[in-house]
J.: 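Here's a structure for you.
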Amino acid sequence: MFAKSTVWTSVLGVSALGATAASAGTVTLEVEVPRLNVASYHKPYVAGWIEDASGAHKGDLFVWYDVAMKNKEGNKWLKDMRAWWRKSGRNLDMPVDGLSNATRAPGRHTLKFDSNHKAFKGLAAGDYVLRVEASREHGGAEVVKVPFKWDAKKASAGSVKGSVELGDVKFSYKP
Amino acid sequence: MKLINRLTAGAALTLILMAPVAQAHDQWLVPSATQVVLSANAERPTYVTVDGAISNGLFYPDHFPLNLSNLVITAPDGSKVEVENAHTGKLRSVFDLKVAQAGTYRVALVNEGAFASFKQNGEQKRVRGTVENIASQVPAGAEDVSITHSLSRVETFVTAGAPSELKPLGTGIELQPLQPVTDLVAGEPGKFRVLVEGKPAAGVSVKVIAGGVRYRGELGDKVYKSDANGEVSVDLPFAGAYWFNASYPPRPEEGAEAHHDHDDHEDEAPGTPQRRLSYSATLEVLPY
């Protein structure tokens, strides 16, 4: 599973590029999957993506779901990440390399993306929103927004705290 | 085809006027989901199940099941789909719909009928029948003959994956959605164009009621008039299933426009059938 993880491929990308393209920056996301004391706990489906200030989808960052089920049966509930499904998911043929990943256990998860990742590359300087959406079997659903300013030459950061299905969600960028 | 029913003029008039006037009996189809993911496994295809009833409260089957005889299910590619496991109980009907294509399915119950009113030997009479046989129900020598065709559609929609374009039907009255019909979100207006016989129709009332009145405690119905382009912008304040209803010509209870129907047909040759059109749709509004 590690070989397919977003963190792993992105970190490799950063170090490989670090030697040749010093201008590339790094986006770091922290996504907290809260520990919930419930009788029937299933790890949530979680997706993260970038939108511009008008709500237009700019690029997907990660999708955690039951990617390993046979016959793609885990796809059935992708639609329950409703905002992501409407803006992007339903136009994709999941799984997508570099995007699809297994669900994650409760805890804080750190993801790193090279600024050359297609969600950021070519992004004009301006106001954007990181959106993270979670949906849990026998549980609820929640979507949060982390507004941030993007300028590939300048550091920026933002964070928000989810209420039930998501904990802390943080965005930071270092050129 | 034999005569379906024969009623005295007074009783028939009462029935015909009562059906649309009293909102006591709304017809609806409610799918188990309006957005689904297409199955990748041919042995376990995607299904939705659909309930249909004529009820007092939206969307609780409390009165009569919907007659499923005239279901018309149109797949995204325009082909017709047969439903499975259709069942009509005492209070509701139900059927399964296999969803095998990406795009938007139109699930419709289409009922056509006709009635004629006339004077025979000085006595006012009305008969009911089908569009095909109504003319033959009118006896020779009848006077003041007026024939009306009725066309009603009760609809809902299901989308697998990304929505596909819904082509207007071009017949009867319909609400043409101006955004994907399964993409309605609470807090964002839903935009529709009223089409009558395929053309935008201004000044038509569109009634909208959110389901769940039983627990909400208030009907909360709203009526929107289509603008000069035939368009309405509908408030969808919270998530849930909403019932949309429109008819044409305007019903008598709409006061000043009660005679619109008559005016519209003044120029037509005697004996030209009038059309009484109605449309209902159940649309889902998601929380975000």
Side-chain angles (χ1 to χ4, degrees), chain A residues 44-49 51 54-57 60 63 65-96 100 129-137 139-146 160 162-166 169, chain B residues 31-49 75-77 96-105 156-166 177-191 236 238-242 283-288:
Chain A
Y45 278 29
V46 186
W49 70 99
E51 290 179 2
S54 74
H57 179 268
D60 286 321
V63 182
Y65 70 107
D66 287 331
V67 67
M69 287 179 75
K70 67 176 166 57
N71 294 320
K72 299 185 183 179
E73 278 172 22
N75 287 16
K76 182 173 176 180
W77 299 282
L78 286 170
K79 67 174 175 69
D80 292 338
M81 295 183 283
R82 296 188 199 102
W84 173 76
W85 181 250
R86 192 166 61 244
K87 285 164 184 278
S88 172
R90 66 192 185 185
N91 300 312
L92 302 176
D93 185 11
M94 296 292 279
V96 172
S100 301
V129 179
L130 163 69
R131 296 191 78 180
V132 174
E133 181 170 19
S135 173
R136 183 166 56 86
E137 186 179 355
E142 183 172 3
V143 61
V144 297
K145 294 182 177 185
V146 183
V160 72
S163 56
V164 177
E165 301 293 345
L166 287 166
V169 177
Chain B
S32 55
T34 61
Q35 294 186 12
V36 295
V37 177
L38 210 52
S39 171
N41 181 359
E43 287 172 15
R44 291 188 64 186
T46 300
Y47 275 92
V48 293
T49 180
D77 68 359
D96 292 333
L97 171 63
K98 179 156 77 177
V99 177
Q101 294 178 22
T104 302
Y105 284 71
T156 194
F157 302 88
V158 176
T159 296
S164 54
E165 195 192 343
L166 282 172
L178 301 179
Q179 66 280 298
V181 70
T182 48
D183 272 4
L184 302 172
V185 175
E188 296 177 9
K191 296 186 189 266
L236 305 168
F238 49 83
Y242 284 65
L283 306 182
E284 185 178 39
V285 176
L286 291 173
Y288 58 79

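Here is how names work: the chains are called A, B, and so on, in the same order as the sequence lines, proteins then strands, and each is numbered from 1.
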J.: Can you name the residues that form a side chain to side chain donor-acceptor pair (under 3.5 Å) with A/Glu165, not counting sequence neighbours?
T.: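 With neighbours one apart ignored, the set is A/Arg136.
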J.: Got a sec, which residues hit side chain to side chain donor-acceptor pair (under 3.5 Å) with B/Asp96, two or more places apart in sequence or on another chain?
T.: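 Scan of B/Asp96 (side chain to side chain donor-acceptor pair (under 3.5 Å), adjacent residues dropped) gives B/Thr49, B/Asn85.
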J.: Shorter than 4.5 Å, heavy atoms on both sides: which option in A/Leu78, A/Asn91, A/Val143 has the most such pairs with chain B?
T.: A/Val143
J.: Looking at CG of B/Asp183 and CZ of A/Arg82, how far apart are the two atoms once the value is rounded to the nearest 0.5 Å?
T.: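 Spacing of CG (B/Asp183) from CZ (A/Arg82) equals 12.5 Å.
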J.: For chain A, which residues from residues 37-47 of chain B lie under 4.5 Å away (heavy-atom distances)?
T.: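 Expected list: B/Val37, B/Ala40, B/Asn41, B/Arg44.
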J.: Taking everything shown except A/Lys76 itself, do over 12 heavy atoms lie less than 6.0 Å from its NZ?
T.: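 No - once you tally the heavy atoms of other residues, nucleotides and ligands closer than 6.0 Å, there are 12 at most.
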J.: Apply salt bridge (Lys or Arg N to Asp or Glu O under 4.0 Å) to A/Lys79 and list each qualifying residue two or more places apart in sequence or on a separate chain.
T.: none
J.: Can a donor-acceptor pair be found, under 3.5 Å and without considering hydrogens, that links the side chain of A/Arg86 to the backbone of B/Tyr288?
T.: yes
